[in-house]
Amino acid sequence: MSQGQLLRVELPSDPSMLCVVRAAMERLTEVLGFAEPEVRSVTRAVDEALTNIMRHSYGGALNRRIELSCLRVHKGRAKNGEGFEIRLVDYGPKIDPAKLRGRKLDEIKPGGLGLHFIRQSMDTVEFRRARGANVLRLVKYLAREGRDGN
Amino acid sequence: MLGGKSLQIATRALGTTTVFDVTGDIDLANSPEVRKALLGEIREKKTPKVVMNMTKVRYIDSSGVASLVEALKASRDVGNRLMLVGLSPAAREVLQLSRLLKIFEVFDTEEAALAG
């Protein structure tokens, strides 16, 4: 495992796995010293990102591969720049970047909220296509109050 | 689909009100169950007041929120009411993030919803 790596798993694109990943994200972010609202933010973002992969990238197929890895990261040399990075990789078709913008919230209608939740919940949201895979990188930095010196 | 922690939806009839007691997380794996239960009560049975008791729902994702929005629109179409009770911090946050918290009728307790 590379330096800073905390967890690396492969999971099937089965929605029944979502509760398992949420439980892991909750425990991991708690151990890293995130405060409760940040724990919920990271958990929500990862859950919504996986949901998007299952629904849109894999079109509801249950047995496609998703790779999830979690790393401890540092933002420059700032002491308060400790953070948590999640990388999600899927092997679905290339995603149209225009579809990653999310919809406006002016209209009351179901659907299209997942991306909005991800962007609102994380400090960094980056998407790229690499070697035939979709790679989503999410980062959340520890707030000063939430740090416990670990 | 793998076996997972399933969602439980119990139904209580209180006069012209139906209360759904929901237990578990609402996510992509089970939000269709929530949608089906709510729309059946609102569109088919046309129950005047439907209360979604979410006291035991710790988490709800965007697909769950979409089900609630669809149910709310259906209730407005037929002229009845959909009320949400006992939102967890996570449920309250997603409704705030989607600017829907003020759109729904939200109550802290079932008693307040029934009196409302």
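Given the structure is predicted, the values throughout are model-derived calculations rather than measurements. So you know, we letter chains A, B, ... as the sequences are listed, proteins then strands, and number each from 1. Quick note: numbers below take in every heavy atom, side chains included, and nothing from hydrogens, waters or symmetry partners.
- Side-chain heavy atoms closer than 4.5 Å link hydrophobic residues (I, L, V, M, F, W, Y) into clusters, and following such links, even through other members, never connects B:Phe107 to B:Leu82.
- Applying the side-chain hydrogen bond (donor to acceptor under 3.5 Å, both in side chains) test to residues at least two apart or on different chains, the pairs with a partner in residues 107-116 of chain B are B:Arg12-B:Glu110.
- Follow the hydrophobic side-chain contacts under 4.5 Å out from B:Ile9 and you reach B:Leu87 in the same cluster.
- Expressed to the nearest 0.5 Å, how far CD1 of B:Ile60 lies from CG of A:Asp47 amounts to 11.0 Å.
- For residues 92-99 of chain B, heavy-atom neighbours of chain A at less than 4.5 Å comprise B:Glu93, B:Val94, B:Leu97, B:Ser98, B:Arg99, sorted by residue number.
- Here CG of B:Leu100 is found 6.5 Å from CG of A:Leu113. Values are rounded to the nearest 0.5 Å.
- At a heavy-atom separation below 4.5 angstrom, chain B is approached by A:Glu48, A:Thr51, A:Met54, A:Arg55 within residues 48-56 of chain A.
- In the displayed structure, A:Asp96 atom CG is contacted under 6.0 Å by more than 12 heavy atoms of other residues, nucleotides or ligands.
- For the atom pair CG (B:Asn30) and OG (A:Ser16), the distance works out to 9.0 Å, reported to the nearest 0.5 Å.
- Considering OH of B:Tyr59 and CZ of A:Arg44, their distance stands at 7.0 Å, rounded to 0.5 Å.
- From B:Arg58, atom CZ reaches atom CZ of A:Arg22 across 8.0 Å, with rounding to the nearest 0.5 Å.
- Annotation: residues 34-55 of chain B contacts chain A through no residue [non-hydrogen atoms, separation under 4.5 Å].
- Hydrophobic clustering (ILVMFWY, side-chain heavy atoms < 4.5 Å, transitive): B:Val19 and B:Val22 are in distinct clusters.
- Under a hydrophobic-cluster definition in which Ile, Leu, Val, Met, Phe, Trp and Tyr are linked whenever side-chain heavy atoms come within less than 4.5 Å, directly or via other members, B:Phe104 and B:Val78 are assigned to the same cluster.
- Linking Ile, Leu, Val, Met, Phe, Trp and Tyr residues whenever their side-chain heavy atoms come within less than 4.5 Å places A:Ile95 and A:Leu88 in a single cluster.
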